[in-house]
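Below, each value reflects all heavy atoms present in this structure, side chains not excepted, and no hydrogens, waters or symmetry copies. Owing to the predicted nature of the structure, the values given are computational and were not obtained by experimental measurement. When a ligand or atom number is given, it counts from 1 through the structure's own listing order.
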Amino acid sequence: MTTNFIETSIQEIKETVKDKNVLLALSGGVDSAVCAALLHKAIGKQLTCVYVDHGLMRKNESEEIMSVFKDGLGLNLIKIDAENLFLEKLKGVTDPEMKRKIIGKTFIDVFEKYGEEAGAVDFLAQGTIYPDIVESGKNEDDVIKSHHNVGGLPSVIKFGGLIEPLKSLYKDDVREVGLALGLPKNVVMRQPFPGPGLAVRIIGEITKEKLDLLREADYIYRTEIEKAGLDIWQYFAVLTGMKTVGIRDGKRSYEYILALRAVLSKDGMTAYIAKIPYEVLENIVEKITKNVNGINRVVYDITNKPSATIDWE
Ligand code: XMP
């Protein structure tokens, strides 16, 4: 199916785009990476990719994106630093859907500004996949979470048309297509990461201080899971908005509770908790609380989807 899919998609993309140009927002995630690789194969330099760094990425992620996609794959890739703007817009906002909407809107604003400066753009491409469409619902009442990578953009920006070559695929199929296109394994097998980034993993107001705490803790967690060689579909840390009393350096501390989440899933529509061995968990908790000044307690989320969603917000 993969070879067929790639051939048919390339043909369709070529027929649609002809000699025109295409703009793609690259997030570093699997979907937009595979979308970029597919388009690159079909139309080469007629594709321009823009990476909007919203400051809500994981540790070292922005640098990795530039090195993999620009230096490694040779994509025509432009990075826009928009951290301050996003943090400004998110100031004081605590409602999860409001956060998502603000991030989506700010993303559009940044993208639109780039579009104006870049001149005429004929087509916009997006790495939308099938579960994004299903979970974003057909009307307001169906929406579980508004994914900012669905809809939105085309109505605001003056593009000739929208290209979404992966919209009939599930995550596993997207990965197969990516591997068949020759993308590096570590890019294709990456865990899913939400478009709004760490903003949906910080409960309450988003601040630079909280982002930095979460980045450090999440990095330790991910590194230790990799070291332990566990095969888990998605695992990440969440900074709860709650502080509790603990002890640091022999004195009373009042610091955040961090939650660890790890799930097994096929497509993200349903998920089961991963049963990480207690020794591994204990080691992770010790490393996090010792090294991240600001987190003195860690809890482990053992809720399946449903009733919970995978990401907390
Ligand atoms: P939830 O949290 O809804 O997430 O159970 C299902 C899967 O989707 C990821 N996720 C997103 N992916 N844009 C995305 O591209 C988003 O806005 C978004 N929100 C959640 C989540 O990490 C999980 O893998």
- Please identify which atoms of ligand 1 are closer than 4.0 Å to at least one heavy atom of Pro196. 16 (C), 17 (O)
- Return yes if some donor-acceptor pair links the side-chain N/O of Asp218 with the main-chain N/O of Leu214 below 3.5 Å, else return no. no
- Item | ligand 1 versus Met269: contacting region, heavy-atom distance under 4.0 Å | neither
- May I ask you to check whether Gln234 has an N/O atom sitting below 3.5 Å from an N/O atom of ligand 1? yes
- Query: For the side chain of Thr289 and the backbone of Asn296, is there at least one donor-acceptor N/O pair under 3.5 Å apart?
  - Reply: no
- Item | Pro192: numbered ligand 1 atoms lying under 4.0 Å from its heavy atoms | 24 (O)
- Query: Any ion pair linking Lys208 and Glu83 (charged N to carboxylate O, less than 4.0 Å)?
  - Reply: yes
- Task: Report the member of Gln191, Arg261, Arg100 with the shortest heavy-atom distance to atom 19 (N) of ligand 1.
- Result: Arg100
- Query: In ligand 1, which numbered atoms sit nearer than 4.0 Å to a non-hydrogen atom of Lys305?
  - Reply: 1 (P), 3 (O), 5 (O), 6 (C)
- Item | Pairing of Lys113 and Glu116 as salt bridge, 4.0 angstrom limit | no
- Message: Using only atom types and a distance under 3.5 Å, with no angle test, would you say the side chain of Arg175 pairs donor to acceptor with the backbone of Val30?
- Response: no
- Task: Decide whether an N or O pair under 3.5 Å exists between Gly195 and ligand 1.
- Result: yes
- Task: Examine Asp132 against ligand 1 and note whether any of their N/O atoms are separated by less than 3.5 Å.
- Result: no
- Item | Hydrophobic cluster identity match, Val298 and Val238, side-chain contacts under 4.5 Å | no
- Message: Ring-plane angle category for Phe111 and Tyr114, please: parallel below 30°, perpendicular beyond 60°, tilted otherwise.
- Response: tilted
- Heavy-atom contacts with Gly268 under 4.0 Å: which atoms of ligand 1 show up? List them by number with element. 6 (C)
